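These notes concern the structure reproduced below.
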Amino acid sequence: MVHVSLGLDTNELPKNINIAPNEWTLSKPDVKPSGFLADIAGVGYLYRRFLRRYIPAIISLVLLNAVTGLLVAAVPLSVAPAASVVLNEHPDPASSLAGITLDNLGPSIMSWLRLDPHNVFAVMLTVAVLYVSLTVLAATLKTVAFILSVRVSCGTLHDMITALHRHVVSLPLSFFNAKREGDVISRFTSDTTATVNLLDGLIRGLFQALIQAFFLFFVLFRTDPLLSLATITIGGMHFLITRSMGGWVRRRTKAVYDFYGRMTAALQESLQNIRITKCLAAEQFDYARLDSEAGKVRDSLYSFRIARYAEEPVRLVADALSVCAMLFLAYYAMTSGRLTRSGFGMFVFLAARVVGPISDASKHLLSVFAVAGSSERLLEIFSLRTSMPEGVKHAPQFRSDIRFEDVSFSHENGTMILNSINLQIRRGEMVAIVGPSGGGKSTLCDLLLRLHDPVRGRVSFDGEDIRNFNKATYLRHFGVVPQESLLLNASVIDNVLYGRTADQESFEEAIRVANATAFIDAMPERENTMIGDRGVRLSGGQRQRLAIARAVYGHPEILVLDEATSALDAESELVVQRAIDNAIRSITAVVVAHRLSTIIQSDKIVVMDNGRIDGIGTHQELLATNTIYKRLYSLHIRESSNSHA
Ligand SMILES: Nc1ncnc2c1ncn2[C@@H]1O[C@H](COP(=O)(O)OP(=O)(O)OP(=O)(O)O)[C@@H](O)[C@H]1O
Ligand SMILES: [Mg+2]
């Protein structure tokens, strides 16, 4: 059966993310490394999806960066008049903007500003004022652009994390069986941050670099078209460097983040199991587990850093070669009479400046590849589609019965966990489910609560297949105490309400039913006391009673209770048992029961063994006919006489 289909929504996902349609496991959606855009398609998809709402801000940013880029490129040109007065060259100024070349740039600027070329001091002073004011303007615009781009990137990070969280929470339980929590968490923290951090650099750096490069290219082109072709060659060379390193860098980032995810998972397990580690003095074992994962992070990071660094020396040499080539080309142009001496000076000055932005733009492009590994990890999750569609029907009040009709179920590995289950739970009835460990009792409860769907057969609620109901309206009828109830690091009352509307009277009643009033009253801040991570500040029995209070809050019609077998001492056992007895009184209840009193008083006992129902009946009936039940019962008798002895 397929709980999660790695289906491709062709409208949304990049075309090259290939995911086998019926494969449920989370093996990576394969981004085929073919073609230049294919490698960074994931980044493109995420940006298109999350940047939509920032389009006005992004347009403003592009404009701001264009102006800033032009200014930054134009500032050095403002020294042209100084060059011509110092070298005492005064060709005719250009009559229009179109007529400007590097040779007549200085005289043109002087003629616009009505400067006397013979008054060298005035020219120098004007050049200085122009240079500083243009720089101040560029710096101001840069600051505004920076603030705006930080707003966009922080907003995008927020949107990406919350969207990812909604998506993950909506995935079926089978996803969580397959994925390690720590790895999923690392996608929330490091992969989103990496993907968004790139944005800052791209918006500010890439645009500015491109605009500067184009502007300077234009100026060079006006001076000498042949010479400026050299600039295109530099651009092409840098693009080739980026292209040849792109796939290499992407694969290494992916490896780093994959190992980082595994290390986070190991770390999380280490912290969650700290009690058992200390009890067993198993610190060395714990260290070894983390050391091994941290070692893989170190090695992959080392390999990534080297791959990423390789860019530096390669580009440095490429830049040096370009500058030298331009120097010779300009010298050749000057000796052949195409360029004046000041034109030569300006050309070399600008050529050195055009290399920088071209190299920068290519570096930014390579960082897109570096981030593609992280985006791929985010897409692995975003591309998962739940195959548990909800119905639209509103589940009405519970009237007659819930039925399991020939229900079979298996997890993805194909082993049948439940086999042809037929069971009726009538309204008002108390049904106990008993049987050996691993028999499928908790799984049966999961199917009742639509945590999984049957592979065959159906579960019906007053005759209607529960798949037809809107899940929330269906689940509102249930109160649930799972086998391992987890508590939040929040106050007692928040743990009981768990997001439902607060009602003091119902809360008081819930804790009374759960036999929890006395211990809550004894806490320093009563129901507002914080209970610590997973309820560590409570005792085992208190945690169980709080879970029962949560289940009975708001008067559910059906209670599903998977009794924890964790050993409590006789006295706690007794208070928890009383809480359970209170909770299931005069209500429809399905109880996976280990406690004698619960079993004996139920209307119907279901004996489950190896995924099948081995017998259904009352206590007396089963005692007379069912061997498994007889064995379990004698065990219970022995246990309870021991514990109450
Ligand atoms: N995610 C899973 N993937 C594969 N098999 C699973 C998964 N979860 C549970 N199982 C298997 O399903 C079977 C039934 O498990 P279930 O939790 O329903 O047993 P149970 O009757 O509640 O046992 P216990 O009394 O110990 O709580 C077990 O054999 C278990 O190994
Ligand atoms: Mg169980």
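Remember, predicted model here, so these are calculated numbers, not experimental data. Numbering of residues begins at 1 and proceeds along the displayed sequence. Indexing begins at 1, ligand by ligand and atom by atom, following the structure's order.
In summary, the atoms of ligand 1 found under 4.0 Å from a heavy atom of T443, numbered by their order in the structure, are 14 (C), 15 (O), 16 (P), 18 (O). Taking every non-hydrogen atom of S442 and a distance limit under 4.0 Å, the qualifying atoms of ligand 1 come out as 17 (O), 18 (O), 20 (P), 22 (O), 27 (O).
The number of heavy-atom neighbours closer than 6.0 Å to NZ of K278, taken from other residues, nucleotides and ligands shown, is 12 or below. Residue K393 qualifies as open at atom NZ: its count of foreign heavy atoms under 6.0 Å is 12 or below.
Contacts between K441 and ligand 1, counted as non-hydrogen atom pairs separated by less than 4.0 Å, involve both the backbone and the side chain. Residue contacts with ligand 1, taken as heavy atom pairs separated by less than 4.0 Å, involve Q483 solely via side-chain atoms from C-beta onward. For I417, every heavy-atom contact with ligand 1 shorter than 4.0 Å involves the side chain, none the backbone.
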Solution key, residues 612-620 side-chain donor-acceptor pairs under 3.5 Å, sequence neighbours excluded:
residue : atom : partner : partner atom : Å
D614    : OD2  : N626    : ND2          : 3.0
T618    : OG1  : E621    : N            : 3.3
H619    : ND1  : Y629    : OH           : 2.7

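Ionic pairing of D183 and R377 is present here: one or more N-O contacts between side-chain nitrogen and carboxylate oxygen are shorter than 4.0 angstrom. By the 4.0 Å N-to-carboxylate-O rule, D521 lies close enough to R526 to be salt-bridged with it.
Taking 2.8 Å as the criterion, Q483 counts as a coordinating residue of the Mg ion (ligand 2), since one of its N, O or S atoms falls below it. Using a cut-off of 2.8 Å, one finds that S442 contributes an N/O/S atom close to the Mg ion (ligand 2).
Looking at H411, M416, M608 and measuring to atom 8 (N) of ligand 1, the nearest heavy atom belongs to H411.
At under 3.5 Å, not a single nitrogen or oxygen of G435, backbone or side chain, sits near a nitrogen or oxygen of ligand 1. At a 3.5 angstrom cut-off on N or O pairs, G439 counts as close to ligand 1.
The cationic group of R403 does not satisfy the cation-pi geometry with F461, failing either the under 6.0 Å distance to the six-membered ring centre or the 45° limit from the ring axis.
A side-chain donor from one of S270 and D286 sits under 3.5 Å from a side-chain acceptor of the other.
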